[in-house]
Amino acid sequence: MPHTAVPASARSSSPGPRTAYDLLLIGGGLIGLSTAWRAARRGLRVAVVDPAPASAAAASHAAAGMLAPVSEVTYTEEPLLRLGLASLARWPAFAAELAADSGRDLGDLDYRADGMLEVAFGSDDLAALDELAAFMGKLDLPVERLTGRECRRLEPMLAPAVRGGLLARGDAWVDPRRVTRALLAALERRGVDMVPARVAGLERSGEAVVGVRLAPGAGTSTGPSGEVVRAERVVLAAGAWSGAMEGLPPEVLPPVRPVKGQIMRLRSPEPILRRCVRGVVHGSYVYLVPRGDGELVLGATQEELGFDTRVTAGGLWELLRDARELVPGVTELEVADVVAGLRPGTPDNLPLIGPTALPGLWLATGHHRGGVLLAPLTADLLLEEAGDQQGLAGLCSPLRFQENP
Amino acid sequence: MDDLIIGGEKFSSRLIMGTGGAPSLEVLDAALTASGTELTTVAMRRLDPSAPGSVLDVLRARGIKVLPNTAGCFTAGEAVLTARLAREALETDWVKLEVISDERTLLPDPIETFDAAERLVADGFTVLPYIGDDPALARRLEQAGCAAVMPLGAPIGSGLGIRNPHNIELIVEAAGVPVILDAGIGTASDAALAMELGCDAVLLATAVTRAQRPELMAEAMRSAVRAGRAARLAGRIPRRRYAEASSPMNP
């Protein structure tokens, strides 16, 4: 899409009192773009600064797009479940409004609320599934325990050896790449300014953050360089790179680390699964997410390798090995794409959303494996003045990692 | 002080932790702290030691010594290479040697393990090999210069406890280096039993990291290892077929 130039009112070479934007997002990944779009819908003047918005480097490019807070619940992570459920409830309206704003059919987003089936094969994995079902029962989560044959009636392509399953009917999924494309279209229609530059640092006025300084040159011949873009509120939404942002004072640098994930995208003439299928194979998780066009996503590894995004033989082999145990037919499919992405991980696996200790600087990062699911909630937490609903903002507050809160 | 000494280094905790399986770094941090451990293994094959914010940062912040392991290796060659990379990256010549024979059981391959141990010892490493509960192999590895031996109680992650206590006793009896019970611990009584059998330390990971409340289980393991060690030092009473009154029956 064409990049809108920064309006003259927003440019200044020396600090001044004038504020051009209400909201400026550092980072044009799925979180930055969706927050920008929600803000623009509320009538705010918004800019997104990113040298390559919606690029293949974004975590969402390698995300399966599962909206599955119920299926993915684990011990010690009830707070994440609360966030996920709150955001899942927002997804239907979020998807419908995005489709309308981007001039598409809802079907274009491939948003589907057909549930997630979790399956087990060996007796050890079955016992683990029963334990998980008990845990879910304690949390009052709506899941159904199915026999092996019930699982195969739902998904005939499952391996005959399947012993049992859990069906979370409320879980959903969406195609993150389609969401990103729709967001770009919606942003253009809503008049959000895309600034194709790298951020070199924060513009301060005393304590307060009043904008960002763009890196000179920054490798974009057409983009603005070396100038200051002013905004009332600056939101750092740089995903896995948020913890390594230059020009950020160390006391507000968020504890975000890259967590590598490799996925495979396979293609078949028509879908071989009707819903998401997830299973434990010899203790490790694999999932298969079907798209309406016959694509099937296999994911995902979790690796702590810094900013490494190499696709490895071992990573792909593990995905295929485990996926084949669940659905033997996957080996017949065409390989469409193999990708490695970087999730923004935090020490407690909860996102960082809200104001920092620095006035004017907010965070919307650290979503780890849940960025797509948590996008609607993230925008609401950042933009709603209505105070903290159900204590969710408190769970996400960046101040929780402050040395002396 | 009843210290554990491995390769000339002293540890006051006899509980060695692994890091695999924790849901988040924060949960891991809390569990490690509650366990009181001073030595913790880290799998090197999916970790970049120079990346900030990793599990290594948690260990450094807590002053816990890092014991790199070669988890995921199937050949002596891979294990030696992984150990060398770990030595370079972490500046430690300690390594928990782990060479797996197959993915279903994750049982250690004795032949590859011995081969790698010989080469690593010759290369100046302090080698702690993970092995089956085989007294003969334990003896041979000690003779080959390993700093400790780490027999399993049961397969990795199984939580089955100590399946062959007799073999563990035989290994302890003959060993001149520390014996560390590795793998198979499911709950606190398993850890206590290992120490009662005469093991010098216990290594465990998933029993804590995959528990419903990891921090509380870590605390339980810490107490169990202490209790088992104390019981071993105190000396248990002999087992008898029939009762023996603890106070005189006839005054």
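Computation of the quantities below employed the complete heavy-atom set of this structure, encompassing side-chain atoms and omitting hydrogens, waters and symmetry-equivalent molecules. In what follows, chains carry the letters A, B, and so on, assigned in the order in which the sequence lines appear, proteins first and then strands, with residues in each chain numbered from 1. Predicted model only: the values in this text are computed from it and were never measured.
Residues T76(A) and Q212(B) approach most closely at CG2-O, 3.8 Å, considering heavy atoms. Closest approach of R210(B) and Y75(A) over heavy atoms only: O-CD1, 4.0 Å. Looking at every heavy atom in both residues, S24(B) comes nearest to E77(A) through CB-OE2, 4.1 Å.
Within a 6.0 Å radius of CZ in R213(B), no more than 12 heavy atoms belonging to other residues, nucleotides or ligands are found. Atom CZ of R119(B) has more than 12 heavy atoms from other residues, nucleotides or ligands within 6.0 Å. Within 6.0 Å of atom CD1 in I111(B), 12 or fewer heavy atoms from other residues, nucleotides or ligands are found, so the atom counts as exposed in its surroundings.
Neither the backbone nor the side chain of E215(B) comes within less than 4.5 Å of any heavy atom in chain A. T312(A) does not touch chain B: none of its heavy atoms, backbone or side chain, sits under 4.5 Å away.
Top candidate by heavy-atom pairs under 4.5 Å with chain A, chosen from D48(B), D29(B), V58(B), is D48(B).
At least one donor-acceptor pair under 3.5 Å links the side chain of N349(A) to the backbone N or O of P23(B).
At least one side-chain heavy atom of R257(A) sits less than 4.5 Å from a side-chain heavy atom of L25(B).
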